There are 2 protein chains.
Amino acid sequence: MFHKVLIAEDLDSISIAVVQALEEISILEINHAKYCDDAFLKIKKALHDNQPYDLLISDLSFKPDHRENRLNSGEELIEAVKKAQPDIKTIVFSIEDKSFRIKSLFNNLGINAYVSKGRDSIPELKKAIQRIYNNEEIKPSAEISHALRDKSLFEIESYDISLLKSLSKGLTLEDISSEFKHSGIIPNGSSSLEKRINRLKIYFKASNNVHLIAITKDLGLV
Amino acid sequence: MFHKVLIAEDLDSISIAVVQALEEISILEINHAKYCDDAFLKIKKALHDNQPYDLLISDLSFKPDHRENRLNSGEELIEAVKKAQPDIKTIVFSIEDKSFRIKSLFNNLGINAYVSKGRDSIPELKKAIQRIYNNEEIKPSAEISHALRDKSLFEIESYDISLLKSLSKGLTLEDISSEFKHSGIIPNGSSSLEKRINRLKIYFKASNNVHLIAITKDLGLV
DNA sequence: ACCTCTTTTACGGTTTCCCGTAAAGAAATG
DNA sequence: CATTTCTTTACGGGAAACCGTAAAAGAGGT
């Protein structure tokens with residue numbers, strides 16, 4: 001079994017149970033960080049000491065705090081960690097269940113498993129760890145397997161996300177047009193933006209911009 | 001100390017830690033339900049057997065599921081429980097940190113304590129239980145005490161919420177006007193709605209409707 | 001170079017939003 | 001009952017969104 005595992009999780013109520021679970025599958029060295037920055041430092045320190053971690057189990061969202069942090073989400077943490085130690089195994093353990101985000105975790109960050117916090121997640125987490133250790137094919141947990149099959153979600157690109165983000169900031173189409181021109185994002189004609197927004201409205205069955213933002217906010221896209 | 005305590009919490013990763021915490025402060029009978037409906041049944045059963053629960057610790061949000069449930073949130077659960085057993089003590093243990101919602105828990109449901117899931121919440125939970133058992137004055141945990149002092153939040157009423165909800169559904173002002181007329185909500189003139197929305201836009205520093213919905217979505221008001 | 005298909009941009013008309021002002025109605029005060 | 005004050009509603013003009021159509025620009029193929 002893995003020797004050295006790091007847990008990045010802000011909620012103490014959850015990390016307690018995860019630590020317990022790891023002990024039960026006889027993992028010898030278990031460490032825990034409540035902040036992404038701390039987790040990253042521990043990874044670096046372990047590397048430097050030539051005793052690197054085998055596995056990182058990370059949450060996605062961390063509560064903001066009085067503390068100023070450089071890394072503020074599981075995504076950012078994993079990205080940074082993979083740069084420092086590309087061979088580390090990673091599991092995301094989060095309540096997030098939006099297919100769009102989970103997909104991008106596998107595709108963009110190359111995580112090894114995703115376990116959704118739910119009514120029976122601790123056993124699932126144990127199984128996922130075992131599978132990764134055995135280098136077995138990752139079978140996404142039943143709850144989210146449908147999400148990964150959902151091809152249609154591929155079509156929403158980062159361009160759409162920035163567009164939605166700008167909209168949700170209260171910018172007008174003209175504003176966004178000049179903003180995009182300024183940052184070199186194309187297309188940026190206000191007419192094109194309009195067309196693109198229209199595509200999104202059809203896609204999400206929204207009747208106007210307000211509705212569109214409400215829907216995509218719910219989906220966690222913005 | 002309390003004898004009989006019920007935990008209503010869907011995430012196994014959290015309930016494990018809570019059960020452990022209760023054991024540590026020597027509570028003898030600890031039960032746990034993953035669904036609001038199950039929790040309510042246990043309360044009723046215990047009442048019927050003349051061995052009622054002393055304390056209910058409940059989450060607010062429960063993941064939807066294949067199961068059809070009558071009660072779908074902590075609020076609904078507590079409301080139902082208090083009707084069946086008015087003298088039961090209640091603690092809400094949730095990640096929710098929107099002052100608006102916490103306030104209404106104390107004011108409308110008469111909960112005995114609110115503990116916010118965070119980086120140091122298990123000790124806080126223990127303290128809260130102790131305080132309630134000793135009938136001490138409830139001191140809201142430091143994190144949220146400022147929220148309760150925030151008077152301005154009193155001004156946002158359920159009227160505003162329904163207005164924002166309708167907006168986020170993509171309805172136009174005219175639509176909302178007739179909807180409100182239909183359900184007897186006043187004021188319902190489209191001009192009044194406009195004025196009210198304007199008040200909200202000033203309050204939340206939103207530059208237009210889209211922005212307003214984005215902000216209030218983030219705050220969890222809608 | 002020419003044609004074709006696609007993408008991007010432009011334009012015009014209609015609806016809805018946005019914002020100020022003002023009238024009508026309701027409630028409170030003396 | 002008259003006056004004041006607050007709330008609700010009405011109206012009008014300008015800005016932005018909404019929606020269809022069409023021109024301009026690019027990309028790819030022959």
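Protein chains get the first letters and strands the later ones, always in sequence-line order, with residue 1 at the start of each. Here the structure is a predicted model, which is why all the values come from computation and not from measurement.
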Would you mind classifying the nucleic acid contact of A:I186 as base, sugar-phosphate or nothing, using non-hydrogen atoms under 4.0 angstrom? nothing
Is any side-chain heavy atom of B:I213 closer than 4.5 Å to one of B:L164? yes
Quick one: is D:dA17 close enough that its OP1 or OP2 comes under 4.0 Å of any side-chain N or O from A:T172? yes
How many whole angstroms separate atom CZ of B:F180 from atom C1' of D:dT9? 16 Å
Write down the distance between CD1 (B:I176) and C1' (D:dT9), rounded to a whole number of angstrom. 17 Å
For A:Y35 and A:D65, test the side chains for any donor-to-acceptor distance below 3.5 angstrom and give the result as yes or no. yes
Identify whether any heavy atom of A:E174 sits under 4.0 Å from a base atom; if not, whether one sits that close to sugar-phosphate; answer base, sugar-phosphate or nothing. nothing
Could you tell me how far apart B:K181 (NZ) and D:dT8 (C1') are, to the nearest whole angstrom? 12 Å
Using the rule salt bridge (Lys or Arg N to Asp or Glu O under 4.0 Å), only one of B:E9, B:E124, B:E96 pairs with B:K117; which is it? B:E9
Select base, sugar-phosphate, or nothing to describe what A:K195 touches, counting heavy atoms under 4.0 Å on all strands. base
As an exercise, state the distance from CG of A:N69 to CG of A:L77, rounded to the nearest 0.5 Å. 11.0 Å
Interatomic spacing from CG in B:L56 to NZ in B:K42 - rounded to 0.5 Å: 12.0 Å
Of B:P187 and A:N198, the one whose nearest nucleotide on DNA chain D sits closer to the 5' end is B:P187
CA sep, side-chain torsions, deciding dist, call: B:D12, A:S121, side chain to side chain donor-acceptor pair (under 3.5 Å): CA-CA 6 Å; B:D12 60 348; A:S121 49; 2.4 Å; yes
If I take atom CZ in residue A:R196 and atom C1' in nucleotide D:dC19, what distance separates them, rounded to the nearest angstrom? 19 Å
Separation of atom CG in B:L193 from atom P in D:dT8, rounded to whole Å: 11 Å
Under 4.0 Å, heavy atoms only, any strand: does A:I197 hit a base, just the sugar-phosphate, or nothing? nothing
Ignoring hydrogens and angles, state whether a donor on the side chain of B:S116 or A:K63 is under 3.5 Å from an acceptor on the partner side chain. yes
From CZ of B:R199 over to P of D:dC6, roughly how many Å is that when rounded to an integer? 15 Å
Could you tell me the boundaries of the chain B footprint on DNA chain C, defined by atoms under 4.0 Å from its heavy atoms? C:dT16 to C:dA22
